[in-house]
Amino acid sequence: MVMGVDKGASLLWLSFLFMSGSRALDNGLALTPTMGWLHWERFTCNTDCSKDPFNCISEQLFMQMADVMVAEGWKEAGYEFVCIDDCWLDSTRGKDGRLRPHPLRFPRGIRKLADYVHSKGLKLGIYQDVGNLTCAGFPGSLGHYEEDAQTFADWGIDLLKFDGCNFGTVELLAEGYKNMSRALNNTGKHIVYSCEWPLYEKDFQKPNYTEIRKYCNHWRNYGDVYDSWSSIKSIIDWTADHQDLIVPAAGPGGWNDPDMLVIGDFGLSRDQQITQMALWAIMAAPLLMSNDLRMIDAQSKALLQNREVIAINQDPLGFQGQRLYKMDEFELWERPLSNASFAAAVVNRREIGSPRAFRLQLFFIGGGSPCKKGCIVTQILPFRNHLGWQKPDSVIPLSVNPTGTVLLKLLPSSKLSHNVLEYSSIL
Ligand SMILES: *[C@@H]1O[C@H](CO)[C@@H](O)[C@H](O)[C@H]1NC(C)=O
Ligand SMILES: *[C@@H]1O[C@H](CO)[C@@H](O)[C@H](O)[C@H]1NC(C)=O
Ligand SMILES: *[C@@H]1O[C@H](CO)[C@@H](O)[C@H](O)[C@H]1NC(C)=O
Ligand SMILES: *[C@@H]1O[C@H](CO)[C@@H](O)[C@H](O)[C@H]1NC(C)=O
């Protein structure tokens with residue numbers, strides 16, 4: 001058992017280091033996973049501004065979210081993009097063939113909204129679809145890729161989420177995603193390109209991630225996130241089940257996108273929120289929150305703004321982590337970080353009972369090499385706890401709540417250098 005895991009893990013990281021050299025979309029963007037806010041999961045296609053002016057998809061929603069992102073520390077924590085999803089469009093294109101926003105909900109137009117968002121030091125994302133119609137039935141981009149890319153560039157858009165509804169064939173789907181990538185490049189404006197190409201392709205054929213990475217800055221692989229633990233579980237399980245295929249594809253410039261963070265909404269318990277945050281950090285996922293930042297509880301806010309978790313997510317090395325093993329309803333995940341450090345997450349998948357004890361054997365992490373002279377271990381979630389220097393054969397007892405996660409950071413250090421460090425911090 002021990003040998004099996006150990007060897008398997010080393011082999012996995014080897015294949016991974018080999019692949020991650022493959023070329024990313026060359027637009028200089030998303031060198032770490034994108035961070036921001038996206039309206040879909042929380043506000044869906046709410047277009048009824050007469051009955052629900054506070055929550056409908058309108059320029060006011062995005063302006064208010066931008067205001068709060070600056071005022072409440074979100075921008076400072078790294079959340080930079082304010083992103084519009086489906087249902088911003090008018091029901092038809094203009095006479096000139098150009099896209100136009102719904103006139104009552106975006107009366108000043110997208111250019112003005114972008115100016116406003118930029119004046120706050122933030123960036124604006126928008127949504128379109130590779131097919132004839134968007135998922136909600138608004139005019140799609142098929143046959144208009146160049147023109148729409150130019151419209152977005154003219155408006156000052158910084159990110160495009162390009163959905164995959166209503167496409168004709170898999171060949172057209174791939175062509176469409178590539179053509180839009182080229183069209184964005186041709187505008188000369190640097191625009192983050194968020195794709196759903198593998199999600200729509202995978203039912204027909206195995207996606208070629210080397211190819212996808214050449215054209216997209218991130219890509220959705222799996223269905224939409226919902227505000228529920230069953231949704232989060234299904235995303236985690238799908239990711240682990242396909243990690244050999246998708247983990248090697250991630251790296252600076254191109255990321256697997258497991259969809260939005262739903263922390264601060266209605267469906268997740270405190271422990272389940274911690275699990276989403278910890279695993280999205282391990283998975284090097286874009287951190288796109290879909291919640292109401294105008295009225296979010298303090299605990300969710302503190303979790304989403306936790307600098308140490310964000311630092312793991314944003315690690316400049318850009319390796320996506322993965323599940324090392326699953327046993328007795330525990331899962332051990334790990335992610336290699338810069339400075340030879342590692343992050344480790346222990347998830348308790350049992351949905352009954354009390355916190356359970358997990359004995360983390362340090363030599364399991366990173367195939368045994370990172371802590372071969374010992375490690376300084378810090379628990380980051382569910383609360384910060386300095387566990388000090390641990391010798392290579394340490395067994396660290398952890399207590400993990402049902403559906404919760406303990407997230408750790410391990411920094412290689414010999415006992416001697418650790419003592420010097422402690423000593424100098426006293427001086
Ligand atoms: C367009 O692609 C070229 C070549 O890959 C790259 O050098 C350039 O930076 C890209 N420009 C934009 C705006 O993405
Ligand atoms: C898109 O609409 C055009 C014009 O109605 C039609 O010819 C074409 O087949 C449609 N394409 C798809 C992928 O539905
Ligand atoms: C993609 O671009 C090529 C070259 O311009 C064109 O022939 C093809 O029809 C385009 N495909 C789609 C789906 O737009
Ligand atoms: C995947 O795409 C890459 C890059 O475009 C290509 O070199 C490779 O042959 C493709 N692999 C398969 C299995 O089609």
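- No side-chain heavy atom of Ile57 sits less than 4.5 Å from a side-chain heavy atom of Thr44.
- Minimum heavy-atom separation, Pro412 to Ser341: CD-CA, 3.9 Å.
- Checked options Asp241, Ile235, Ile236; the residue passing with Thr239 is Ile235 (criterion: side-chain contact (heavy atoms from CB on, under 4.5 Å)).
- Between Tyr127 and Asp86, the side chains place a donor N or O and an acceptor N or O closer than 3.5 Å (distance only, hydrogens not considered).
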- Stepwise, does the salt bridge (Lys or Arg N to Asp or Glu O under 4.0 Å) test hold for Asp148 with Arg93? CA-CA 11 Å; Asp148 291 353; Arg93 287 175 180 266; 2.9 Å; yes

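- Side chain of Gln205 to backbone of Lys202: no donor-acceptor contact under 3.5 angstrom is found.
- With hydrogens and angles left out, the side-chain atoms of Asn179 and Arg182 include a donor and acceptor closer than 3.5 Å.
- Both tests do not hold together for Arg335 against Phe319: distance to the six-membered ring centre under 6.0 Å, angle to the ring axis within 45°.
- Residues Thr151 and Arg100 have side chains that never bring a donor and an acceptor to within less than 3.5 angstrom of each other.
- Gln314 places a side-chain N or O within 3.5 Å of a backbone atom of Pro33 that can act as its donor or acceptor partner.
- Taking the ring centre of Phe54 as origin, the terminal cationic atom of Arg294 falls inside the region bounded by 6.0 Å and 45° from the ring axis.
- Scored by the disulfide (SG to SG under 2.5 Å) test, Cys83 finds no partners at all (sequence neighbours excluded).
- Asp297 approaches Gly264 most closely through the heavy-atom pair OD1-CA, 4.1 Å.
- A distance of 13.0 Å separates CZ of Phe138 from SG of Cys165, quoted to the nearest 0.5 Å.
- Contact detail for Asn217 and Gly253: the closest heavy-atom pair is ND2-O, 3.0 Å.
- A donor-acceptor contact under 3.5 angstrom links the side chains of Asn401 and Asp271, judged on distance only.
- Counting only distance, with no hydrogens or angles, the side chain of Glu196 and the backbone of Trp219 share no donor-acceptor pair below 3.5 Å.
- Residues Arg42 and Ser290 bring no donor and acceptor atom of their side chains to less than 3.5 Å of each other.
- Residues Phe152 and Leu99 have side chains in contact (heavy-atom distance under 4.5 Å, counting atoms from C-beta outward).
- With Arg307 contributing its side chain and Ile310 its backbone, the two residues share no donor-acceptor pair below 3.5 Å.
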- Task: Tell me, with the steps shown, if Asp259 and Tyr226 meet side chain to side chain donor-acceptor pair (under 3.5 Å).
- Result: CA-CA 10 Å; Asp259 211 4; Tyr226 278 69; over 6 Å; no

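- The distance from atom CG of Leu410 to atom CG of Leu362, rounded to the nearest 0.5 Å, is 5.5 Å.
- Note that CG of Asp227 is 4.5 Å distant from CD of Glu41, once rounded to the nearest 0.5 Å.
- Between the side chain of Asn385 and the backbone N or O of Ile380, no donor-acceptor pair lies under 3.5 Å.
- A heavy-atom distance below 4.5 Å is found between the side chains of Leu89 and Gln128.
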- Query: Hey, mind stepping through Glu146 and Asn186 against side-chain contact (heavy atoms from CB on, under 4.5 Å) and telling me if it holds?
  - Reply: CA-CA 8 Å; Glu146 284 78 17; Asn186 287 339; 5.7 Å; no

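- Listed by chain and number, the residues in a side chain to side chain contact (heavy atoms under 4.5 Å, CB included) with Glu72 are Val68, Trp74, Lys301 (sequence neighbours excluded).
- The existence of a salt bridge linking Arg384 and Glu308 is confirmed by a sub-4.0 Å separation between a basic side-chain nitrogen and an acidic carboxylate oxygen.
- Checking each of Phe358, Phe330, Tyr325, Phe342 against Phe364 for a ring-ring contact (aromatic ring centres under 6.0 Å, His included) leaves exactly one that passes, namely Tyr325.
- A donor-acceptor contact closer than 3.5 angstrom links the side chains of Gln320 and Asn256.
- Under the 3.5 Å distance criterion, with hydrogens and angles disregarded, a donor-acceptor pair is assigned to the side chains of Asn46 and Asp52.
- The shortest distance between side-chain heavy atoms of Leu304 and Tyr79 falls below 4.5 Å.
- The only option from Thr275, Asp237, Asp328 that meets the side-chain hydrogen bond (donor to acceptor under 3.5 Å, both in side chains) definition with Arg349 turns out to be Asp237.
- Ion pairing between Glu59 and Arg108 holds under the 4.0 Å rule for side-chain N and carboxylate O.
- Between Trp37 and His39, the angle of the ring planes lies from 30° to 60°, which puts this pair in the tilted group.
- A salt bridge is absent between Glu175 and Lys178; no separation between the charged side-chain nitrogens and carboxylate oxygens falls under 4.0 Å.
- No side-chain donor from either of His190 and Asp158 sits under 3.5 Å from a side-chain acceptor of the other.
- Counting heavy atoms from C-beta on, the side chains of Ile396 and Leu387 come closer than 4.5 Å.
- For Gln276 and Gln272, the side-chain atoms include no donor-acceptor pair closer than 3.5 Å.
- Using a 4.0 Å cut-off between charged side-chain N and carboxylate O, Arg98 and Asp154 make a salt bridge.
- His218 and Thr34 form a side-chain donor-acceptor contact under 3.5 Å, judged by distance and modelled atom types alone.
- The CG atom of Leu25 sits 4.5 Å away from atom OG of Ser181, with the distance rounded to the nearest 0.5 Å.
- Between the side chains of Ser50 and Asp48, a donor-acceptor pair is found at a separation under 3.5 Å.
- Atom CG of Leu160 sits about 8.0 Å away from atom CD1 of Ile126, to the nearest 0.5 Å.
- For the pair Val130 and Gly164, the tightest heavy-atom approach, listed with the atom from each and the gap, is CG1-CA, 3.7 Å.
- Cys49 has its side chain out of reach of Leu104: every pair of non-hydrogen atoms, C-beta onward, lies at least 4.5 Å apart.
- In plain terms, the two heavy atoms of Cys375 and Pro370 that are nearest each other are SG-O, 4.0 Å.
- No donor-acceptor distance shorter than 3.5 angstrom exists from the side chain of Arg350 to the backbone of Ile352, with no hydrogens or angles considered.
- Within the 3.5 Å criterion, the main-chain N or O of Trp255 finds no donor-acceptor partner in the side chain of Arg213.
- Looking at Asn208, its side chain does come within 3.5 Å of a backbone N or O of Thr210 through a donor-acceptor pair.
- Here the closest non-hydrogen pair linking Met283 and Trp280 is CE-CE3, 3.3 Å.
- The distance from atom CG of Leu324 to atom CG of Leu332, rounded to the nearest 0.5 Å, is 5.0 Å.
- In this pair, Tyr193 and Tyr177 present their aromatic rings tilted. The plane angle is within the 30 to 60° band.
- No donor-acceptor pair under 3.5 Å is formed between the side chain of Asn291 and the backbone N or O of Asp265.
- Residue Asn221 forms a side-chain hydrogen bond (donor to acceptor under 3.5 Å, both in side chains) with just one option from Trp238, Trp197, Tyr209, and that option is Tyr209.
- Contact check for Val170 versus Tyr200: no side-chain heavy atoms found under the 4.5 Å cut-off.
- Residues Glu351 and Lys233 are paired through a salt bridge, judged by an N-O separation under 4.0 Å between the basic side chain and the carboxylate.
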